[in-house]
Amino acid sequence: MAYSQITLITFLFATLTSLSPSSSATPPPSSHPFKKIYAFGDSYTDTGNTGSATGPSSFTYVSNLPYGRTFFHHPTNRYSDGRLVIDFVTQSLSLPFLPPYQIPKADTSNGVNFAVAGSTAIIHSFFAKNNLTLNITPQSLQTQLGWFEKYLESQGCKRGGECKGPVFDDALVWVGEIGANDYAYTLGSSVPGSTIQQLAIASTTGFLQAVLKKGAKYVVVQGLPTTGCLTLSMALAAENDRDDLGCVGSVNSQSQAHNAVLQTKIQQLRKQFPQAVILYADFWNAYRTIVKNSAKYGFKELYKVCCGAGGGAYNLDVSSTCGSPASSSCKDPSEYINWDGVHLTEAMYKAVSDSFLNGAFTEPSFEYLLSRKEKSG
């Protein structure tokens, strides 16, 4: 099968203009326009809805150090050495880190994180029906929507209807990248990438429609990153499958094609919900720009993992992933883009978040979204 199918390699993704490298997160406006954030997605956004025992099978040490070593200095069930894009977003808005939905009795006054590591856009039953056994995560974007509806009911909203008032008036909905796992889980199957694209985009669009019908007014939707630049992709791909970045060309092309369709759907949603501000966060081009200008951001290792085993060009052994007894982590994660082979370092997440909050990689700009919110009161 075409290697683009192997876009799996994003392999359990959870399993997964110019930029100023010295720029910091957008300074919070004096009026603090948003009082809460609702987040969705997969391991790139999950702040603790899964752990070593419940997350993707290939990353079973997320509840242990060195995960969390850089900022928190202890594991938080984030698939990184520190903060994620969503964490930098909350800090930029002077809000506390979002509590995972699965944590009982958490303070949800400033929002909730519904993202699940290993989650797919397509419902889990599709993968089970097609015997795609790489998908051991039962939660999909539809699951997250169900959790969100239960949360809204707890806030006095009626199921199936629009939710008015403070629940959405001062809330930002952040939809982290979702869909990479859908492609990854097709490894070794006869399911074509075109089918995954069609179903994943339909699911994501349906999710966005449901949230907008509920009353969401300010929504940010991330596209897929350059998944062909992830260490696992690099390690498994044929060496002649490379693009101008030196990354896996077929995998990056598939993610780019997915994003193009997603952007078209977002344009349609803007017409369907003219009262809402819907931003597209271009993860693919942000990642690409950072790689092309890596030295400016202090990155010395573009593909080698900081936390892994085996040494060599990639330091990646899928049987001894980050946190396992045979693995070790690098001295300075800020010099690395890849943390464990599928997930990124805090330094990379910060660079990406800066590109969204301060740079030219959201359409329209994040500044525009803030100005619209401030004008609405």
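Just so you know, these numbers come straight off a predicted model, no measurement behind them.
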**Q** Taking the side chain as everything from C-beta on, heavy atoms only, tell me whether F366 gets closer than 4.5 Å to L357.
**A** yes
**Q** Could you tell me if H124 and T137 have a donor-acceptor pair between their side chains, going purely by distance under 3.5 Å?
**A** no
**Q** Can you measure from OG (S253) to CG (D243) and round to the nearest 0.5 angstrom?
**A** 7.0 Å
**Q** Using links of under 4.5 Å between side-chain heavy atoms of ILVMFWY residues, direct or through other members, which residues join F72 in one cluster?
**A** F71, F97
**Q** Does the gap between the ring centers of Y101 and W147 come in under 6.0 Å?
**A** yes
**Q** Tell me, yes or no, whether the heavy-atom count around E239 atom CD, taken from other residues, nucleotides or ligands under 6.0 Å, exceeds 12.
**A** no
**Q** So T47 and N77, do their side chains get closer than 4.5 Å, heavy atoms only?
**A** no
**Q** M348 versus T345: any side-chain heavy-atom pair under 4.5 Å?
**A** yes
**Q** For the pair V221 and I266, evaluate side chain to side chain contact (heavy atoms under 4.5 Å, CB included) and give the outcome as yes or no after the intermediate values.
**A** CA-CA 9 Å; V221 184; I266 289 175; 3.9 Å; yes
**Q** On a heavy-atom basis, which atom in G193 and which in Q254 lie closest, and how many Å separate them?
**A** CA-NE2, 3.7 Å
**Q** Can L279 be reached from F361 by stepping across I, L, V, M, F, W or Y side chains whose heavy atoms are under 4.5 Å apart?
**A** yes
**Q** Indicate whether the side chain of T50 and that of Y79 have a donor and an acceptor atom separated by less than 3.5 Å.
**A** yes
**Q** For R78, run the salt bridge (charged side-chain N to carboxylate O under 4.0 Å, His left out) check against D87, D340, D46 and tell me which one passes.
**A** D87
**Q** So do K214 and L152 actually touch side chain to side chain, heavy atoms under 4.5 Å?
**A** yes
**Q** My understanding is that only residues two or more places apart in sequence, or in another chain, count here; which of them pass side chain to side chain donor-acceptor pair (under 3.5 Å) with S140?
**A** none
**Q** Do H74 and Y67 have side chains that get closer than 4.5 Å, going by heavy atoms?
**A** no
**Q** Treat each ILVMFWY residue as a node, draw an edge where side-chain heavy atoms are under 4.5 Å apart, and state whether V305 and Y336 are in one component.
**A** no
**Q** Pairing donors with acceptors under 3.5 angstrom, does anything connect the side chains of Q209 and Q272?
**A** yes
**Q** Calculate, to the nearest 0.5 Å, the distance between atoms SG and CZ belonging to C157 and F148 respectively.
**A** 8.5 Å
**Q** Could you tell me which non-hydrogen atom of A309 sits nearest to which non-hydrogen atom of A326, and how far apart they are?
**A** CB-O, 3.6 Å
**Q** Which heavy atom of T186 sits nearest a heavy atom of L132, and at what distance?
**A** CA-CD2, 4.2 Å
**Q** More than 12 heavy atoms of other residues, nucleotides or ligands under 6.0 Å from CD of Q155: is that the case?
**A** yes
**Q** Scan for ring pair (Phe, Tyr, Trp, His ring centres under 6.0 Å) pairs involving residues 204-262, sequence neighbours excluded, and state none if there are none.
**A** F34-Y218, F40-F207, Y183-H258
**Q** Evaluate the side-chain proximity of L199 to S203: yes if any heavy-atom separation is below 4.5 Å, no if none is.
**A** no
**Q** For L224 and I178, work out which heavy atoms get closest and say how close.
**A** CD2-O, 3.6 Å
**Q** Centroid-to-centroid, Y151 to Y38, below 6.0 Å?
**A** yes
**Q** Can the ring centres of Y349 and Y44 be said to be less than 6.0 Å apart?
**A** yes
**Q** What do you reckon, is CD of E301 surrounded by more than 12 foreign heavy atoms closer than 6.0 Å?
**A** yes
**Q** Scan side-chain atoms only and decide if D42 and S119 contain a donor-acceptor pair under the 3.5 Å cut-off.
**A** no
**Q** Would you check if I201 and K265 make a side-chain contact, meaning some heavy-atom pair closer than 4.5 Å?
**A** yes
**Q** Closest heavy-atom contact between P225 and E177?
**A** CD-OE1, 4.0 Å
**Q** Which atom names give the shortest non-hydrogen contact between T90 and L98, and what distance separates them?
**A** CG2-CG, 3.8 Å
**Q** To the nearest 0.5 angstrom, please state how far the NZ atom of K35 sits from the CG atom of N110.
**A** 10.0 Å
**Q** Please check if atom CD in Q198 has more than 12 non-hydrogen atoms from other residues, nucleotides or ligands closer than 6.0 Å.
**A** no
**Q** Side chains of Y368 and E363: does their closest heavy-atom pair fall under 4.5 Å?
**A** no
**Q** Taking SG to SG, are C330 and C307 separated by less than 2.5 Å?
**A** no
**Q** Decide yes or no on side chain to side chain contact (heavy atoms under 4.5 Å, CB included) for D244 and R288, but give the supporting numbers first.
**A** CA-CA 10 Å; D244 64 314; R288 177 182 172 83; 2.5 Å; yes
**Q** Once you round to the nearest 0.5 Å, how far does OG of S255 lie from CG of L262?
**A** 11.5 Å
**Q** In plain terms, say whether K164 and D169 are close enough for a salt bridge, that is, a side-chain N and a carboxylate O under 4.0 Å apart.
**A** no
